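Not measured: the values here are computed from a predicted model.
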Amino acid sequence: MTGQQIAEFEQVVQEGGLALFPTDTVYGLGTHPDSVEGTHRLYWIKGRSPDRPAAVLFFDLEHALAELPEIGARTREALARLLPGPITVLLPNPGTRFPLACGAEPDRLGLRVPRLDDRLAKLAAVSVPILQSSANPSGERDPRSLEEVDPRIRRGVDLELDAGVRRRP
């Protein structure tokens with residue numbers, strides 16, 4: 001991935017477009033978490049019910065914590081031990097941040113901060129939050145490479161980033 005591709009990715013997400021991108025474990029679909037249109041597209045393309053929650057992903061834990069000021073000191077300490085990593089952490093969401101990502105439970109938020117290996121390192125420059133879900137039709141296998149992504153999903157996105165095969169840590 002080039003610096004220009006990363007800048008295009010951030011712009012697509014910021015504008016509420018739909019991007020297909022690699023994480024540390026699988027390929028994901030993402031849009032801006034405040035974009036109603038982008039969120040509807042993401043759920044539609046996956047065939048997923050919008051009342052099911054999605055995660056909000058940041059490529060840097062400090063960016064995440066800045067966007068979630070209600071998080072207390074003990075939770076911040078726990079997050080620093082867990083993230084970045086291959087998990088989504090469910091957090092209380094008293095500020096009802098990113099409600100489009102919360103589905104039917106606005107008082108809980110899934111937070112994801114992937115570990116950035118050498119192939120993903122340039123994604124650290126992305127500062128916008130991303131409403132994210134795996135890039136598969138709902139209920140089907142998570143894609144570990146761009147080639148494994150369903151062609152219908154690939155046709156429906158505004159941008160694709162490729163970082164080769166992703167592996168579970």
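Pro84 and Arg115 make their closest contact through O-NH2, 2.9 Å (heavy atoms, listed as atom of the first residue, atom of the second, distance). The minimum heavy-atom distance linking Arg52 with Ser138 is given by the pair NH1-OG, 3.5 Å. Contact detail for Ser35 and Gly38: the closest heavy-atom pair is OG-N, 2.9 Å. Closest heavy-atom contact between Phe98 and Pro129: CE2-CG, 4.0 Å. Considering every non-hydrogen atom in both Val165 and Ser145, the closest pair reads CG2-CB, 4.1 Å. When all heavy atoms of Pro94 and Glu70 are compared, the pair lying nearest together is CG-CB, 3.8 Å.
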Query raised in the report: When you look at Arg152 and Asp150, which way does the salt bridge (Lys or Arg N to Asp or Glu O under 4.0 Å) test go after all the steps?
Result: CA-CA 5 Å; Arg152 293 169 295 179; Asp150 187 297; 2.5 Å; yes

Report task. Report the C-alpha separation of Arg166 and Asp117 in whole Å, then their side-chain angles, then the decisive distance to 0.1 Å, and conclude whether the side chain to side chain contact (heavy atoms under 4.5 Å, CB included) test is met. Result -> CA-CA 10 Å; Arg166 308 286 57 206; Asp117 62 20; 3.0 Å; yes

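Under the 4.5 Å side-chain heavy-atom criterion for ILVMFWY residues, a single connected hydrophobic cluster contains both Ile45 and Val36. Taking hydrophobic clusters as Ile, Leu, Val, Met, Phe, Trp and Tyr residues chained together by side-chain heavy-atom distances below 4.5 Å, Val26 does not share a cluster with Leu146.
Other members of a hydrophobic cluster containing Leu90 are absent, since no ILVMFWY side chain comes under 4.5 Å of it, directly or through relayed contacts. Phe59 belongs to a hydrophobic cluster with Met1, Ile6, Phe9, Val12, Val13, Phe21, Leu57, Leu116, Leu120, Leu123, Val126, Val128, Ile130, Leu159, Leu161, counting contacts under 4.5 Å between side-chain heavy atoms of Ile, Leu, Val, Met, Phe, Trp and Tyr, direct or through other members.
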Atom pairs and distances, donor-acceptor, side-chain atoms in residues 103-111, under 3.5 Å, two or more places apart:
residue	atom	partner	partner atom	Å
Glu105	OE1	Arg108	NE	3.4

Give the table of side-chain donor-acceptor pairs shorter than 3.5 Å for residues 71-79, with sequence neighbours excluded, one pair per line with atom names and distance.
residue	atom	partner	partner atom	Å
Arg76	NE	Ile71	O	3.0
Arg76	NH2	Leu65	O	3.4
Arg76	NH2	Leu68	O	3.4

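Residue Glu37 qualifies as open at atom CD: its count of foreign heavy atoms under 6.0 Å is 12 or below. The local environment of CG in Asp51 is crowded, with over 12 non-hydrogen atoms from other residues, nucleotides or ligands closer than 6.0 Å.
A distance-only check finds no donor-acceptor pair linking the side chain of Arg48 to the backbone of Leu42 [under 3.5 Å].
Of the residues listed (Glu147, Glu160, Glu148), the one engaging Arg154 in a salt bridge (Lys or Arg N to Asp or Glu O under 4.0 Å) is Glu160, and it is the only one.
Considering CG of Leu83 and CG of Leu61, their distance stands at 6.0 Å, rounded to 0.5 Å. To the nearest 0.5 Å, atoms OG (Ser134) and CZ (Arg144) are separated by 10.0 Å. Note that CG of Leu18 and NE2 of His32 are 14.0 Å apart. Values are rounded to the nearest 0.5 Å.
Between Arg41 and Asp158 there is a salt bridge, since at least one side-chain N of the basic residue sits less than 4.0 Å from a carboxylate O of the acidic one. Electrostatic pairing of Arg97 and Asp34 does not count as a salt bridge here, judged by no charged N lying under 4.0 Å from a carboxylate O. Salt-bridge annotation for Asp24 and Arg112: present, with a side-chain N of the basic residue lying under 4.0 Å from a carboxylate O of the acidic one.
Evaluation of the side chain to side chain contact (heavy atoms under 4.5 Å, CB included) rule for Ala135 yields Leu20, Tyr27, Leu29, Pro143, Val149 as partners, not counting sequence neighbours.
Among pairs with a residue in residues 120-131, those fulfilling side chain to side chain donor-acceptor pair (under 3.5 Å) read Glu10-Ser127, at least two apart in sequence or across chains.
Put simply, the side chain of Asn93 reaches to within 4.5 Å of the side chain of Cys102, judged on heavy atoms.
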